[in-house]
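Accompanying notes for the structure given below.
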Amino acid sequence: MNPVLELLRAAVGPANVLTEGDLSAWEVDWRKRYRGRALAVVRPGSTEQVAAVVKACAAHGVPLVTQGGNTGLVGGSVPDASGTQVLLSLTRLNRVREVDAANLTMTVDAGCILQTVQETADAAGLMFPLSLAAEGSCTIGGNLACNAGGTQVVRYGNARDLCLGLEVVTSAGDVWNGLAGLRKDNTGYDLRDLFIGSEGTLGIITAATLKLYPRPAAVMTALATVPSMEAAVALLQAAQSRLGSGLTGFEVMNGFSLQLVRQHFPHLRQPLPPSEWTVLLEQSDAEGEAHARSLFEGLLEAALESGTITDAAVAETIDQSHAMWHLRESIPLAQAEEGLNVKHDISLPISRIPEFVERTDAALTARWPGLRLVNFGHLGDGNLHYNVQAPAGGSAADFLREHEAGVNAVVYDAVTAHDGSISAEHGIGMLKREELVRRKSPVALGLMRAVKQALDPHGLMNPGRLL
Ligand code: FAD
C-alpha cells in the first residue's frame with residue numbers, strides 16, 4: 001500500500017479517503033471526454049485539513065488535482081489515468097463564514113456551491129451577480145480558479161472582478177490568509193490575482209471574500225430577432241448608450257442553436273419565430289418598474305423603427321424572464337443531445353465579430369460541406385461559444401477523430417488573425433494546453449513558467465494542466 005494513504009487517513013479521517021468502489025463522479029469530467037483514475041479521492045473538511053493533505057503529498061512527491069463541482073469544460077478537474085494522483089475534492093468545505101452587509105462582502109469556503117452564495121446574498125437583501133448555467137453544482141473555488149464569466153459580465157465583470165480576497169494553501173502546505181475585504185490595497189504584487197485563473201496549478205483556494213451588490217429594483221428581459229451579426233452589434237451599442245450600466249445581459253444565439261433547442265426540448269416555448277440571429281437582453285434598474293420599462297421599450301421601439309431588430313418579445317413576469325434565460329442555457333444541453341461536437345470558447349474585439357463570423361463560417365463550410373455551426377454566447381463581452389457540430393447523418397465520432405484538429409486550426413487561426421483569445425472564460429486545462437503554447441507569445445509563456453516554478457517548484461499542483 002502507498003504510504004501516503006496512511007498520512008491522508010490521519011489528516012482527514014478514513015471515511016474521507018476513498019480508494020474503492022465507483023469513483024466516476026470524481027474521475028470523469030462533465031463532458032465525459034476525460035476519464036482518469038485517482039490514487040485516492042480525499043475530502044478534507046477544513047483549511048487545516050487541506051494543508052495537512054498537501055504536506056503529506058509533498059513529503060511523498062505525490063501530485064494533487066483539485067476539484068470543486070467538476071463542471072469545468074477543459075479537462076482540468078479530473079486525475080490522469082496513471083493512478084498516481086490524489087484527487088482533492090473540496091465540496092465538504094462549504095461554510096458561509098460571514099456576510100458583512102455594510103462592507104458589501106461575503107466570505108465563504110471555496111467548496112460553497114455558487115447557487116448557495118447567490119441565495120445567501122439574496123437572503124441578506126443583496127446580490128452576488130456571478131451567474132452561469134452550472135450554478136447549481138459549480139463551486140466558488142472552481143469559479144475563481146477558472147476566472148469564470150457567465151451572463152452578467154457586461155455589467156459586473158468576471159469572477160476576478162467579484163473577488164476582494166482569498167485564502168490559499170500553498171504547494172508547501174502553508175496557509176496564506178488574504179481575506180481582508182479591501183477595495184484598495186497597494187502593498188506589492190497582487191497575489192490574489194495570481195491565484196485567480198491559475199486553474200489550481202499554483203495552490204489551492206480554500207476561501208474567498210466576494211463583492212456583493214444592492215439588488216436592482218426592477219429587471220427587464222427581452223428576446224429580439226436581428227437580421228445579421230452587424231445588427232446585433234449595433235443593438236448592443238444602442239443598448240449601452242441608452243441603458244448605460246443598466247445593461248446587465250446581452251447574449252446572442254444563431255438560428256441553428258435555437259433549432260437544436262426546439263428539436264430536443266420541444267416543451268420549451270420559443271416566443272419568436274426562427275431567425276438567423278436572436279438576441280437576449282436584460283436591463284437592471286435601481287429606480288423601479290416604470291422607469292425600467294420606459295427605457296427598455298424605448299430602446300426596442302427605436303431599434304424596430306431603424307430595422308436593427310425585426311421582432312421582439314418582452315417578458316411580463318419573472319417566470320417569462322426565467323423561461324427566456326432557460327432557452328439560452330439549454331443550448332449546450334441540446335448540443336450534447338445532438339451528439340459529439342467541437343467547442344470553442346473564444347474572445348474577440350466586439351467590433352471585429354461580424355467579420356470573424358462571416359469569414360470563419362465560410363471557411364469551415366467550404367472545407368467541410370454540411371458542417372453545422374452552433375454559435376451563441378456573451379456578445380456583450382465579445383465572447384462567443386463558436387461550436388462545430390459534425391454534418392448530420394454520419395458518425396460524429398469519426399468526424400471528430402479525422403477533422404477536429406483541422407477544424408480547430410481554422411477557427412484558432414481566424415481568432416489569432418482577428419486579435420482574439422482561444423479561451424474567454426473556460427480556461428486551458430488539458431484541452432487547450434498545446435494550443436496555448438502555439439498561440440501565446442514566448443515572452444508571456446516564459447513569465448508564466450517562472451511563476452509556476454516559483455510557487456510550485458516540485459510541480460505537484462495540477463500537473464499537466466494549463467502549462
Ligand atoms: P471544477 O470543474 O471542479 O474545476 C475547474 C478547475 O478549477 C480545475 O482546473 C480545478 O483543478 C480547479 N479548481 C477547482 N476548485 C479549486 C480550488 N478551490 N482551488 C484551486 N483550483 C481549483 N463557465 C463560464 O465561465 N461561463 C459560463 O457561462 C459557463 N457555463 C457553463 C455551463 C455548463 C452547463 C457547464 C457544465 C459549465 C459551464 N461553465 C461556464 C464552465 C465553468 O468553468 C464551470 O462551470 C465552473 O466555473 C467550474 O467550477 P467547478 O467548481 O465545477 O470547478
Side-chain angles (χ1 to χ4, degrees), residues 25-26 28-32 34 36 44 47 50 54 63-79 85-94 108-117 130-153 157-160 162 166-171 194-208 249 251 325 328-336 343 345 347 376-378 381 383-385 423-433 456 461-466:
W26 295 278
V28 181
D29 78 316
W30 191 84
R31 291 179 69 198
K32 304 201 171 12
Y34 295 92
T47 300
V50 174
V54 172
L64 279 155
V65 174
T66 305
Q67 187 181 93
N70 196 16
T71 66
L73 299 175
V74 291
S77 54
V78 292
Q85 302 182 332
V86 162
L87 189 286
L88 183 74
S89 166
L90 293 191
T91 50
R92 288 183 62 232
L93 226 66
N94 58 5
V108 297
D109 283 354
C112 271
I113 301 290
L114 173 56
Q115 194 173 328
T116 308
V117 175
L130 186 67
S131 174
L132 45 105
E135 63 200 21
S137 35
C138 64
T139 64
I140 205 71
N143 301 148
L144 289 165
C146 337
N147 187 24
T151 54
Q152 303 211 59
V153 175
N158 303 307
R160 183 187 300 285
L162 297 170
L166 290 180
E167 178 188 84
V168 171
V169 172
T170 70
S171 68
L194 208 49
F195 287 107
I196 295 175
S198 67
E199 300 185 34
T201 61
L202 300 180
I204 299 156
I205 299 169
T206 48
E251 303 283 309
W325 278 107
R328 155 66 182 84
E329 285 166 358
S330 299
I331 296 172
L333 304 172
Q335 245 201 299
K343 289 199 193 302
D345 161 44
S347 184
F376 64 100
H378 317 294
D381 322 327
N383 176 193
L384 295 180
H385 298 310
S423 178
E425 58 176 9
H426 294 164
I428 300 297
M430 293 199 262
L431 184 70
K432 295 186 180 173
R433 206 180 41 194
D456 181 24
M461 303 274 106
N462 275 11
R465 331 278 137 135
L466 185 50

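Just follow the structure's listing: the first ligand is 1, and inside any ligand the first atom is 1.
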For this session: Would you mind running through ligand 1 and noting each atom that sits below 4.0 Å from a heavy atom of N143?
Result: 46 (C), 47 (O), 49 (O)
Problem set entry | Nearest protein heavy atom with distance in Å, relative to atom 30 (N) of ligand 1 | L132 CB, 4.0 Å
Exercise. Is the side chain of D345 donor-acceptor paired with the backbone N or O of A424 at a distance under 3.5 Å, no angle test?
Worked result: yes
Problem set entry | Numbered atoms and elements of ligand 1 in range of A133, under 4.0 angstrom, heavy atoms | 32 (C)
For this session: State the atoms of ligand 1, each with its element, that fall below the 4.0 Å cut-off from a heavy-atom position in G76.
Result: 8 (C), 9 (O), 11 (O)
Problem set entry | G149 N/O under 3.5 Å from ligand 1 N/O | yes
Exercise. If we only count N/O pairs under 3.5 Å, is T71 in contact with ligand 1?
Worked result: yes
Exercise. Taking non-hydrogen atoms only, is L90 closer than 4.0 angstrom to ligand 1 via side chain, backbone, both or neither?
Worked result: side chain
For this session: Could you say whether the N/O atoms of G68 and ligand 1 ever approach to under 3.5 Å?
Result: yes
Problem set entry | Side chain Q67, main chain W26, donor-acceptor under 3.5 Å | yes
Exercise. To which of D29, T66, L202 does the heavy atom nearest atom 10 (C) of ligand 1 belong?
Worked result: T66
Problem set entry | S137, any N or O under 3.5 Å of ligand 1 N or O | no
Exercise. At under 4.0 Å between heavy atoms, which part of E329 makes contact with ligand 1: side chain, backbone, both or neither?
Worked result: neither
Exercise. Are the side chains of L64 and M461 in touch, meaning some heavy atoms are under 4.5 Å apart?
Worked result: yes
Exercise. For atom 33 (C) of ligand 1, what's the nearest protein heavy atom and its distance?
Worked result: A134 CB, 3.8 Å
Exercise. Quick one: which of N70, D29, T66 gives a side chain to side chain donor-acceptor pair (under 3.5 Å) with S77?
Worked result: N70
Problem set entry | For C146, the ligand 1 atoms whose distance to one of its heavy atoms is below 4.0 Å | 5 (C), 6 (C), 43 (O)
Problem set entry | Numbering as shown, the atoms of ligand 1 that approach W30 to under 4.0 Å (heavy-atom distance) | 34 (C), 36 (C)
Exercise. Would you say the side-chain atoms of S330 pair up with the backbone N or O of L333, donor to acceptor, closer than 3.5 Å?
Worked result: no
Exercise. Between E425, Q67, H426, which one has a non-hydrogen atom sitting closest to atom 26 (N) of ligand 1?
Worked result: E425
Seminar exercise, completed: Near G203 (heavy-atom distance under 4.0 Å), the atoms of ligand 1 are 20 (C)
For this session: Heavy-atom contacts with G200 under 4.0 Å: which atoms of ligand 1 show up? List them by number with element.
Result: 20 (C), 21 (N)
Problem set entry | Residue selection (non-hydrogen contact nearest atom 50 (P) of ligand 1) among G69, G427, S89 | G69
For this session: Would you mind checking if R465 and E199 are paired as a salt bridge, meaning a charged N to carboxylate O distance below 4.0 Å?
Result: no
